[in-house]
Asks: 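Quick one: the structure is below, and I'll ask about it shortly.
Note that the numbering runs from 1 along the sequence shown for the chain.
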Amino acid sequence: MELAIGIILGCCALGAGAAMIAGIGPGIGEGNAVAAACEAIGRQPESKGDVTTTMLMGCAVAETTGLYALVIAILLIFVAPGRFVDILTETMKALGR
């Protein structure tokens, strides 16, 4: 039983770490968006307002990917282990072990 609980905890921690790898994408995407916006403003300074608005909207949409990954990681660390251990203990009781 203790081994099964250890495996559950280890797999939840590995899953949370894998979910946080998704945080790399928004960082790279937002960096590219800001670089392109700075270049566009440098070429046509009069379009600063439109470019900035579009860039901020795009960065907000890109950031949601990282936030979803963070939510999944937090659930895997704090919620999932308890639920899986409860399921394991109920199954073991049902089997009579």
Asks: Going by side chain to side chain contact (heavy atoms under 4.5 Å, CB included), name the residues that satisfy it together with A69, two or more places apart in sequence or in a different chain.
Replies: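 Result, side chain to side chain contact (heavy atoms under 4.5 Å, CB included) vs A69: A22.
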
Asks: What pairs meet the salt bridge (charged side-chain N to carboxylate O under 4.0 Å, His left out) rule with one or both residues in residues 42-67, with sequence neighbours excluded?
Replies: E39-R43

Asks: To the nearest 0.5 angstrom, please state how far the OG1 atom of T65 sits from the CG atom of L70.
Replies: 12.5 Å

Asks: Out of curiosity, does L88 fall in the hydrophobic cluster containing I7 (side-chain heavy atoms, cut-off under 4.5 Å, transitive links)?
Replies: no

Asks: Could you name each residue pair satisfying salt bridge (charged side-chain N to carboxylate O under 4.0 Å, His left out) that touches residues 68-94, not counting sequence neighbours?
Replies: none

Asks: Under the side chain to side chain contact (heavy atoms under 4.5 Å, CB included) rule, collect the residues that match up with I21, sequence neighbours excluded.
Replies: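 Once residues adjacent in sequence are excluded, the partners of I21 under the side chain to side chain contact (heavy atoms under 4.5 Å, CB included) criterion are I24.
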
Asks: Looking at every non-hydrogen atom in both residues, tell me the closest pair between E30 and C59 and how far apart they are.
Replies: OE2-O, 3.4 Å

Asks: With sequence neighbours excluded, what pairs up with T89 under the side chain to side chain contact (heavy atoms under 4.5 Å, CB included) test?
Replies: M1, V85

Asks: M92, I5: one ILVMFWY side-chain cluster at the under-4.5 Å cut-off?
Replies: yes

Asks: Would a hydrophobic clustering, with Ile, Leu, Val, Met, Phe, Trp and Tyr connected at side-chain separations under 4.5 Å, put L75 with L14?
Replies: no

Asks: Would you say I77 ends up clustered with I74 if hydrophobic residues are merged whenever their side chains have heavy atoms under 4.5 Å apart, either directly or through other cluster members?
Replies: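 Yes, I74 connects to I77 through the hydrophobic network.
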
Asks: Tell me every residue that passes side chain to side chain contact (heavy atoms under 4.5 Å, CB included) with A80, counting only those two or more places apart in sequence or in another chain.
Replies: C12, L76, F84

Asks: Taking C-beta and beyond as the side chain, do I41 and T52 meet within less than 4.5 Å on heavy atoms?
Replies: yes

Asks: When you measure from the side chain of T54 to the backbone N and O of V51, does any donor-acceptor pair fall under 3.5 Å?
Replies: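 Not a single qualifying donor-acceptor pair exists.
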
